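Data block below; observations after.
Proteins come first, then strands; the chains are lettered A, B, ... in the order of their sequence lines, and each starts at number 1. For the numbers below, each heavy atom of this structure counts, side chains included, while hydrogens, waters and symmetry mates do not. What you see is a predicted model; the values in this text were computed from it and never measured.
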There are 2 protein chains.
Amino acid sequence: MNLKEIAELAGVSTATVSRVINGSGPVSPATAERVLNIIEQQGYVPDKIAKSLRMGQTRTIGFVVPDISNPFFPEVLNGAQAVCAEHGYSIILGNTNEDVDTEAKVVRSLRVQHADGLLMILVDESGSTLRSALGARTQVSSSGRRSGLPIVFIDRYIRGFEYDSVIIDNEGGTTQATDYLLELGHTKIAMIHGPLTTTPGERRLRGYMKAMRDAGVPVRSEYVAEGDFRTRSGYEIAGRMMELADPPTAIIGGNNLMTIGIFQRLADMGVCIPDRVSLIGFDDFTLAANLTPALTVVDRPMADMGRIAAELLLSRIEGRDESATRQVILPTRLKIRDSCRRCIDCAVRS
Amino acid sequence: MNLKEIAELAGVSTATVSRVINGSGPVSPATAERVLNIIEQQGYVPDKIAKSLRMGQTRTIGFVVPDISNPFFPEVLNGAQAVCAEHGYSIILGNTNEDVDTEAKVVRSLRVQHADGLLMILVDESGSTLRSALGARTQVSSSGRRSGLPIVFIDRYIRGFEYDSVIIDNEGGTTQATDYLLELGHTKIAMIHGPLTTTPGERRLRGYMKAMRDAGVPVRSEYVAEGDFRTRSGYEIAGRMMELADPPTAIIGGNNLMTIGIFQRLADMGVCIPDRVSLIGFDDFTLAANLTPALTVVDRPMADMGRIAAELLLSRIEGRDESATRQVILPTRLKIRDSCRRCIDCAVRS
DNA sequence: TTGTAGGCGTTATCAC
DNA sequence: GTGATAACGCCTACAA
């Protein structure tokens, strides 16, 4: 069933039917009703593909994500999905498997499919694969207006691209966590951060450094180590640190997965949390409150990140927002549970 | 850059360029090379939308899921995604929010978008919304051949639809779990199952019943209750059961979320696992092994479910498989950890 | 208020 | 081997 058949059934032209459907021109009430009835009775629905071809837009947005199995991403996706659905947009999922080359491939594919916009949680923050995948013409023109495919970066900010981004106050998050540990009397505070080439890796480390410096507590290099945001690296680094002659009395995990790794390692080593080591994780997750002890974490509004990013993207796509590039920064919040305790050394000393 | 421009640049017709690209007809090596060079140098990529319109297929498959936040679904999605990507298919995500009406809406939308096939984890097992969303012509024709949109059901089997499905041995899973508890001497075994209108709800209960009957242990009605697969219902039902004058000494949770709820409630009530109650969950999840105690669970191959379903679907889409409707049943496996212990009553008695 | 006709970028059927 | 040309289903000047 297509436009033409409906038109014939109604005894009008395809133009008229199209006008009835889209309200895109004057139609007499009488014919409108006749056409509507036939559409209804035939269960006719316009073909999206044909419409896309004609209109040059697909009402489809690409969501590029490094790894759906990481519980953080579905939360963000959920928020974005809801907003997109409201506006009649579908989401095409692009999984990059944390791999830079796959990422470029995925972006290219999304472009060929004519996604109207992209929501991206990137792996490659250098932007080089992205640039190659997008082609040169996606830069800002001299007039300052963006051209090409609208994109909103989530969780990562990519230098050299004039695109919007929705991130969180990574620095503030770890500063808060570190301050809290300092208040509890800890000074031997370790930070297992993510890759410094990534925004969340670098900023979270910076927040920790800042808090330490502001408190006048020297940072010991053996207490700072770089992981790769995966469970395994948290597991391994935590082990190395606890085997130090003078191990830390508190550890901050750079993301959810690494924190889980740290937690596992401490359990395996029989190191009691929080008696011997206090632990704070970045990112809350379903079972954090049910571990023993319940984990104190830096929480952030994951679904909101998705929602806000989607809203921003749609406003760009639909031309409602022509303003300059935006960077939305959402706040984090320390959720205090039971994995931190007053430092014993400190209590003895004071 | 489109076909026509390439053709002009190469001094040939669009038909020839198309033949070069698709190998769909004879082309002299010389022109082929010339055309290929120009395509390369221009960075030309065929427009998928136009191709879809012409070909009547989109190389797109819809993945319908009740709730992406439930860790089970991303795992399945991951498996399916990988296979689809290999075959050049993209996945459009349809989130139903566990809601029957949304489900119908999502299916309709996927149909209008001309998804080539559907991978569905359904909420409505009655099939009525599905039937209405699909239209009548999706039934089996008299010749026994399916017609219409290829679909593979995951995790749920829908009566009255001649579609393939990939499910697991739900019954065997709970039978195994129950047998294990029986071996440990438990007889007061509770089962908190999911809605009986769903395959996993009904079958898992059945497996429990079977094991109890085979062991000659009577099932007490106060030990069997229906939840809704969500955390909250596990939490509430577990509370009610433990307040019984004669509470169970072991509980089986009907899915991951409800098990988490049960776990939380027992913790909140100060009921020690496994000393006072043994607990087995259906579905493994990331932190199950890191809870205290580590949770014994019935595990199932989630990514495999997605992979196999996607392979089945693609084989149907591409017409490689014309055989009768298939039902793939994957085995479960009991992962014994620390949340179960020999029944104390039993030890006293024997 | 309504209809005609062209074109979005492909592929495929014919001729040549 | 190659080239016109007609669809695919829709929207939208432009004309009437």
Side-chain angles (χ1 to χ4, degrees), chain A residues 1-39 42-60 88 108-116 318, chain B residues 1-39 42-60 88 90 108-116 149 318:
Chain A
M1 189 60 44
N2 60 26
L3 250 203
K4 206 166 145 204
E5 296 180 75
I6 296 291
E8 278 162 12
L9 250 35
V12 296
S13 72
T14 59
T16 301
V17 178
S18 176
R19 280 192 280 256
V20 169
I21 292 173
N22 303 300
S24 51
V27 181
S28 84
T31 49
E33 190 179 333
R34 196 166 73 251
V35 170
L36 248 15
N37 279 338
I38 294 185
I39 287 176
Q42 297 292 324
Y44 166 73
V45 184
D47 184 317
K48 279 211 181 186
I49 303 291
K51 194 164 182 162
S52 293
L53 180 59
R54 177 63 228 253
M55 307 286 278
Q57 51 132 300
T58 56
R59 292 191 89 76
T60 258
R108 248 186 287 265
S109 151
L110 254 12
R111 229 173 37 126
V112 170
Q113 282 177 74
H114 293 262
D116 291 339
E318 297 175 351
Chain B
M1 187 59 46
N2 59 24
L3 248 203
K4 204 164 146 207
E5 297 180 75
I6 296 291
E8 279 162 12
L9 250 34
V12 295
S13 72
T14 59
T16 301
V17 178
S18 177
R19 280 192 281 257
V20 170
I21 292 172
N22 303 299
S24 52
V27 181
S28 86
T31 48
E33 189 179 334
R34 196 167 73 251
V35 170
L36 249 14
N37 280 338
I38 294 182
I39 286 176
Q42 297 291 325
Y44 164 75
V45 184
D47 184 317
K48 281 212 180 186
I49 302 292
K51 195 165 180 160
S52 293
L53 180 60
R54 181 60 230 246
M55 308 280 277
Q57 53 133 294
T58 56
R59 292 190 89 77
T60 258
S90 303
R108 249 187 284 266
S109 150
L110 254 12
R111 228 169 43 122
V112 170
Q113 281 178 73
H114 293 262
D116 291 339
L149 192 60
E318 296 173 353

The salt bridge (Lys or Arg N to Asp or Glu O under 4.0 Å) partners of B/Glu33 (sequence neighbours excluded) come to none
Begin with the C-alpha distance, continue with both residues' side-chain angles, and end with the deciding distance and a verdict on side chain to side chain contact (heavy atoms under 4.5 Å, CB included) for A/Tyr44 and A/Ile38. CA-CA 8 Å; A/Tyr44 166 73; A/Ile38 294 185; over 6 Å; no
Atom-to-atom span, [atom1] of [X] to [atom2] of [N] - whole angstrom:
X       : N      : atom1 : atom2 : value
B/Asp47 : C/dT10 : CG    : P     : 5 Å
B/Met55 : D/dG9  : CE    : P     : 15 Å
B/Met1  : C/dT10 : CE    : P     : 11 Å
A/Leu3  : C/dA5  : CG    : P     : 17 Å
A/Gln57 : C/dC8  : CD    : C1'   : 13 Å
A/Asn2  : D/dG9  : CG    : C1'   : 6 Å
A/Leu53 : C/dG6  : CG    : C1'   : 13 Å
A/Ile39 : D/dC10 : CD1   : P     : 10 Å

Quick one: does B/Arg34's side chain have a donor or acceptor within less than 3.5 Å of a partner on B/Ala10's backbone? yes
Taking B/Ser24's backbone N and O only, do any of them form a donor-acceptor pair with B/Asn22's side chain (distance below 3.5 Å, no angle check)? no
Interatomic distance, B/Met55 atom CE to B/Asp116 atom CG [nearest 0.5 angstrom]: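 Rounded to the nearest 0.5 Å, the CE-CG separation comes out at 10.5 Å.
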Between A/Tyr44 and D/dC10, is there a contact of a side-chain N or O with OP1 or OP2 at under 4.0 Å? yes
Holding to side chain to side chain contact (heavy atoms under 4.5 Å, CB included), I want the full list of residues that pass it with B/Ser52, two or more places apart in sequence or in another chain.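 Residues passing side chain to side chain contact (heavy atoms under 4.5 Å, CB included) with B/Ser52: A/Ile49, B/Thr58.
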Could you list by number each residue of residues 4-33 of chain A showing a heavy-atom separation from DNA chain D of less than 4.0 Å, or answer none if no residue does?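 Of all residues in residues 4-33 of chain A, the ones placing a heavy atom under 4.0 Å from DNA chain D are A/Ala15, A/Ser18, A/Asn22.
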